[in-house]
Amino acid sequence: MTQPYQRILFATDQSENNVTALERTAEYANKNNIQLDILYVLDPAIAGFGNTQIELSSESLYHLEEKSIGQLEIIKRRLIISGSSIYQVHVHLRIGDPRIIVAQEFPTEYQNDLIVLSSSRKNHLQRFFTGSVSSYVIKNAQADVVVMH
């Protein structure tokens, strides 16, 4: 039987509860020679809300971007040390609504045919204002979706 997937999108919120799901996804991608895109979507509405600001300043957004890119590079290095190929693992940062980016924009651009999601670190109030990313992706993505705990 041939492997049905060519490119996996792992959407992360960079929380510790993503570690096991990401490691399992990377191991699967490595064993089956599948490209792995690790995506973090910086949602200015949540970042601003979490900092009790209505809107982030350009400087604050820049610092959040830099911090997020650094964290993504650390994740990539860990996976490469664990055996993933440098040519196989790609990290990406986008800014906007995570639901739209994960479900539609990114998979269309990179032709991901599998989306892997993990538990969210959003609190109940944040979910109330933005909705569940997982629920939206499951309902709207054209690719297969797996939700891991």
Side-chain angles (χ1 to χ4, degrees), residues 6-30 34-143 145-149:
Q6 300 299 311
R7 194 160 190 139
I8 299 172
L9 165 58
F10 184 90
T12 181
D13 63 2
Q14 296 186 343
S15 64
E16 286 302 314
N17 58 339
N18 276 237
V19 173
T20 303
L22 177 57
E23 288 172 351
R24 290 174 58 197
T25 303
E27 183 180 324
Y28 177 80
N30 192 27
I34 301 170
Q35 294 293 308
L36 175 60
D37 292 302
I38 302 168
L39 172 66
Y40 176 64
V41 181
L42 181 57
D43 185 350
I46 292 296
F49 182 75
N51 294 321
T52 65
Q53 297 174 332
I54 299 300
E55 191 172 314
L56 288 175
S57 68
S58 297
E59 185 176 338
S60 295
L61 187 57
Y62 173 77
H63 289 297
L64 279 173
E65 286 178 46
E66 290 298 309
K67 180 180 176 185
S68 298
I69 289 169
Q71 290 171 333
L72 286 169
E73 289 300 327
I74 290 169
I75 290 168
K76 182 177 181 176
R77 279 194 296 268
R78 275 193 223 147
L79 292 177
I80 291 169
I81 289 169
S82 297
S84 293
S85 166
I86 192 168
Y87 304 107
Q88 187 177 33
V89 178
H90 313 277
V91 293
H92 309 270
L93 174 69
R94 296 290 187 273
I95 299 172
D97 185 338
R99 296 170 299 170
I100 303 297
I101 293 171
V102 172
Q104 297 156 339
E105 293 176 0
F106 193 91
T108 299
E109 182 178 347
Y110 284 88
Q111 300 178 344
N112 300 99
D113 45 8
L114 176 63
I115 300 170
V116 178
L117 304 170
S118 180
S119 302
S120 175
R121 68 177 177 182
K122 286 185 198 174
N123 64 38
H124 296 294
L125 190 57
Q126 290 170 325
R127 273 196 211 117
F128 174 77
F129 284 110
T130 63
S132 168
V133 174
S134 297
S135 295
Y136 185 90
V137 172
I138 290 167
K139 291 177 186 173
N140 294 286
Q142 296 298 311
V145 179
V146 173
V147 180
M148 299 175 78
H149 295 284

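Here the structure is a predicted model, which is why all the values come from computation and not from measurement.
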Between Gln111 and Arg7, is there a donor-acceptor pair closer than 3.5 Å when you use the side chain of the first and the backbone of the second?
no
Backbone of Pro98 reached by a side-chain donor or acceptor of Asp43 within 3.5 Å
no
Would you say the side chain of Val41 lies within less than 4.5 Å of the side chain of Val133, judging by non-hydrogen atoms?
no
Would you indicate whether the side-chain heavy atoms of Leu42 and Leu61 approach each other to under 4.5 Å?
yes
When rounded to the nearest 0.5 angstrom, what is the spacing between CD1 in Ile95 and OG in Ser68?
8.5 Å
Tell me which one of Leu36, Thr25, Val146 satisfies side chain to side chain contact (heavy atoms under 4.5 Å, CB included) with Leu114.
Val146
Mind listing the closest non-hydrogen atom pair of Gln88 and Ala29 along with its distance?
NE2-O, 2.8 Å
Does Leu22 reach the side chain of Thr12, with side-chain heavy atoms less than 4.5 Å apart?
no
Examine distances only and state if a side-chain atom of Asp37 and a backbone atom of Asn112 form a donor-acceptor pair shorter than 3.5 Å.
no
Partners of Gln104 by side chain to side chain contact (heavy atoms under 4.5 Å, CB included), sequence neighbours excluded?
Ile100, Tyr136, Asn140
Tell me which pairs pass ring-ring contact (aromatic ring centres under 6.0 Å, His included) where either residue lies in residues 68-115, with sequence neighbours left out.
His92-Phe106, His92-Tyr110, Phe106-Tyr110
Pairwise side-chain contact, Arg78 with Ile81, heavy-atom cut-off 4.5 Å (strictly under):
no
Gap between atom CG of Leu79 and atom CG of Asn30 - 0.5 Å precision
9.5 Å
